[in-house]
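So you know, we letter chains A, B, ... as the sequences are listed, proteins then strands, and number each from 1.
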Amino acid sequence: MAMTPLEELRHSTAHVMATAVMRLFPEAKLDIGPPTDTGFYYDFDIGHRFTPEDLARIEEAMGKVVGEDQPFVRSEVTREEARKFFEGRGQPYKISRLGDIPEGEAITFYTNGEFVDLCAGTHVASTGRIKAFKLLSIAGAYHRGDERNKQLQRIYGTAFPNREELEAYLHQLEEAKKRDHRKIGREMQLFAFDEDVGPGLPLWLPKGTVIVEELERLAKETEFAAGYDRVRTPHLARESMYITSGHLPYYADSMFPPMTLAAESVPDSQKPRYREEFHREIHAGELTEAKMDRLISLAQEMAKGLPVERYYIKAMNCPHHHKIYKAIPRSYRDLPLRLAEYGACYRYEQSGELFGLMRVRSMQMNDAHIYCTPEQFGEEFNAVNEMYLRYFKLFGIAKYRMRFSTHDPARLGEKFVGEPELWKQTEDMVRRVLADSGIDFIEVPNEAAFYGPKIDVQVWSAIGREFTIATNQVDFAVPKRFGLEYTTAENTKATPLCIHRAPLGTHERFIGFLIEHFAGDFPLWLAPEQVRVLPIADGQMEVARAIERKCRGLALRATVDTSPDKLGAKIRRWQLDKVPYGLVIGKQEAAAGTVSVRSRQKGDEGAMALDAFLERAAMEYRERTLTVAV
RNA sequence: GCCGGCUUAGCUCAGUGGUAGAGCAGCGGUUUUGUAAACCGCUGGUCAUCGGUUCGAAUCCGAUAGCCGGCUCCA
């Protein structure tokens, strides 16, 4: 596969970096050093721990290699020659990589100066062509990306054809950091984390809650129009349900550990009396850590030997929804049945995976399950995809990627339920729906859910990480496990297909994404504060209050700046707070019944009648107008 | 979970073994103000936590927690 000139440059820079590292640390063992979308990396196995100071030293040594203007020379070798060469140099990873090259394919070395690398190429003519590079970070990375393998040290860097482009890229990185939802979320007081609450458990502050509730309203209206029914389910369920669903064996690690309690079958007289004993203990002096330990062992002692049962906090809503399906006998006339809920779920994500709002342990999903017949499937699946696209248009989301995840036949019965026919049928159905609708997508094997193929919509965070923002999944397996059925027109029983869909993902991730997408500059309908009245002096305070009341009468979120500051300061604060409209009220406006409007897009728009402004704002709100440039 | 780094006031950040600082925010007062910062004053920190070294620790060492950059994972 040919590299683009930029990839060639970056890959060559990776070789230069490896050359420099070998000069400084001759004992280093090399793995691989490919280009990436934004730069390059090289993986090293080395006893020394790279430090940020090392990066500067390595950069300096790289500068020397560039100065030596070493030509990159390609040579073909035999497998045996290559193996001997790397054995001689003590490079086990290279020998391992050699094994990846299929028989009959050319084995090539690229040499620059004293540095020789197993490499398919291609490269720039010589190291002197590398004009602008920078090493960015040090990271751990497993050999071949497998957790069971040794962790190597990876150095990330980037390179550009010239200094200017490198500087522009570094500047762009800085700019992206300003969009980071974690920074804006704190500045705008949208959400917060607290150590006592726990990692990955966000608190929605009042302003963030406004956004949450506006999104819920959007979803409810959209889903109502599309024929969904709303349901509500508990946050917990007995272990037995997750055994039925098949989730426990697959996902126990990702769920919070169960709550264990005395079984319902234990007579009351034998059940532990936590209450009295605890009460007595807890109030007998200070509550120390030692005492907590005593109380916990007391509880364990009391429960000892009793039959127990376990409850899990739900990590997904599907099993509960399946139970709602099952609560009532269903006929083909009832299908499709679309059950929607903004369900609260909890997942015990590994600590290192948590990332602001984008990856959390408590979340609310824009979830729904559509139960339908195979004949209805195409139309239903397509309707869900169209709902995605309508939403994306509403939010002005243009940069996304549809991923169609299919199964791997080699892993049937292990990672994927063993129903080869159903896999084929449903994947074909999805592929046909996608083709008919003309949506661009990429197909990725081996990424399906265990119960069926899926379409994920991928977006990128400000700092460039990729996330699934929405999902549309086929499930032909779990309804069967739950014994879901409907009576067909022929009066026989059949199992429905189920579509799991979450076009708005979770509140947490979706809002995290929206914060970055809009850089906090939300369209009016989502803005926590929509209108701020800015009286010039106290003399206009009464009029300002009256305008605030009028706005609120139209459900517009308005406030008055009651500070003793001068207008300039009020405007500045209004601007920094990213409020869509500011209404300046001075003596003239108060007398004329007008407001001087300031908008985020146009700045000072001059005076207009209050009613005219209210009509405009109310319409923007109602229509969910995308008022901001994104 | 793994590798590495970071943690000083609400926020942004100075402070390299010898009495904890600045700007902004907040609070109080004066000013009643016309489109991005009026003026004066005040409050606020167990330097993440615990332990160690030292006559003396924000500063050196260790552990723990949280966060950050990656890896792995992501129903």
When you match A:Arg465 and A:Ile585 each to their closest nucleotide on RNA chain B, which lands nearer the 5' end?
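Going by which nucleotide is closer to the 5' end, it is A:Ile585.
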By nearest heavy atom, map A:Ile138 and A:Gly568 onto RNA chain B; which one lands nearer the 5' end?
A:Gly568
Please check if any side-chain donor atom of [X] sits under 3.5 Å from a side-chain acceptor atom of [Y], or the reverse.
X: A:Tyr348; Y: A:Asp253; result: no
X: A:Glu548; Y: A:Thr559; result: no
X: A:His181; Y: A:Glu516; result: yes
X: A:His143; Y: A:Asp31; result: yes

Looking at [options], which one has an atom nearest to any side-chain atom of [X]?
X: A:Pro199; options: B:G66, B:A36, B:C74; result: B:G66
X: A:Glu353; options: B:G1, B:A37, B:G34; result: B:G1
X: A:Asp604; options: B:U33, B:G69, B:U35; result: B:U35
X: A:Tyr142; options: B:A75, B:G34, B:C2; result: B:C2
X: A:Arg572; options: B:C71, B:A36, B:A75; result: B:A36
X: A:Gln350; options: B:A75, B:A36, B:C73; result: B:C73
X: A:Arg347; options: B:A75, B:G34, B:U32; result: B:A75
X: A:Ser596; options: B:A37, B:A75, B:U35; result: B:U35

So A:Arg338 and A:Glu380, salt bridge (charged side-chain N to carboxylate O under 4.0 Å, His left out) or not? Walk me through it.
CA-CA 10 Å; A:Arg338 309 179 189 92; A:Glu380 288 302 313; 2.8 Å; yes
B:C73 base / A:Arg359 side chain donor-acceptor hit below 3.5 Å
yes
Test for a donor-acceptor pair under 3.5 Å between the base of B:G1 and the side chain of A:Tyr348, counting only N and O atoms.
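In this structure, the two groups form no donor-acceptor pair.
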Please name the nucleotide paired to [N] by Watson-Crick or G-U wobble geometry with both distances under 3.5 Å, or report none.
N: B:G17; answer: none
N: B:U54; answer: none
N: B:U32; answer: none
N: B:U7; answer: B:A65
N: B:U43; answer: none
N: B:U59; answer: none
N: B:C2; answer: B:G70
N: B:A22; answer: B:U12

Plane angle bin for A:His48 and A:Phe25 - parallel if under 30°, tilted between 30 and 60°, otherwise perpendicular:
parallel
Name the orientation class of the two ring planes belonging to A:Trp204 and A:Phe191 (parallel below 30°, tilted from 30 to 60°, perpendicular beyond 60°).
perpendicular
Under 4.0 Å, heavy atoms only, any strand: does [X] hit a base, just the sugar-phosphate, or nothing?
X: A:Ser254; value: base
X: A:Ala315; value: base
X: A:Gln153; value: nothing
X: A:Phe355; value: sugar-phosphate
X: A:Lys570; value: nothing
X: A:Phe467; value: nothing
X: A:Thr51; value: nothing
X: A:Gln473; value: sugar-phosphate
X: A:Gly539; value: nothing
X: A:Ala537; value: base
X: A:Glu589; value: base

Quick one: is [X] getting a side-chain N or O under 4.0 Å of the [N] phosphate, OP1 or OP2?
X: A:Arg49; N: B:G4; result: yes
X: A:Arg154; N: B:C3; result: no
X: A:Arg186; N: B:C67; result: no
X: A:Ser351; N: B:G1; result: yes
X: A:Lys566; N: B:U32; result: no

Is the ring centre of A:Phe50 under 5.5 Å from the base ring centre of B:G4, and are the two planes under 30° apart, so that they stack?
no
Which value, in whole Å, describes the distance between the [atom1] atoms of nucleotides [N] and [M]?
N: B:U59; M: B:G1; atom1: P; value: 26 Å
N: B:A58; M: B:C6; atom1: C1'; value: 15 Å
N: B:A57; M: B:U19; atom1: C1'; value: 14 Å
N: B:G17; M: B:G52; atom1: C1'; value: 16 Å
N: B:G45; M: B:A38; atom1: P; value: 29 Å
N: B:G62; M: B:G5; atom1: P; value: 10 Å
N: B:A14; M: B:U8; atom1: C1'; value: 10 Å

From [atom1] of [X] over to [atom2] of [N], roughly how many Å is that when rounded to an integer?
X: A:Leu354; N: B:A65; atom1: CG; atom2: C1'; answer: 14 Å
X: A:His247; N: B:C74; atom1: NE2; atom2: P; answer: 13 Å
X: A:Tyr156; N: B:G4; atom1: OH; atom2: C1'; answer: 13 Å
X: A:His48; N: B:G4; atom1: NE2; atom2: C1'; answer: 12 Å
X: A:Ile243; N: B:A75; atom1: CD1; atom2: C1'; answer: 17 Å
X: A:Glu187; N: B:G10; atom1: CD; atom2: P; answer: 17 Å
X: A:Ile155; N: B:G69; atom1: CD1; atom2: P; answer: 19 Å
X: A:Ile571; N: B:A38; atom1: CD1; atom2: P; answer: 12 Å

Run the ring-centre check on A:Phe467 versus A:Trp460 and record whether the distance is less than 6.0 Å.
no
A:Arg501 side chain to A:Val384 backbone, donor-acceptor under 3.5 Å:
no
Output yes when a side-chain donor or acceptor of A:Gln364 lies under 3.5 Å from a complementary backbone atom of A:Tyr342, and no otherwise.
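Yes, because the side chain of A:Gln364 sits within donor-acceptor range (under 3.5 Å) of the backbone of A:Tyr342.
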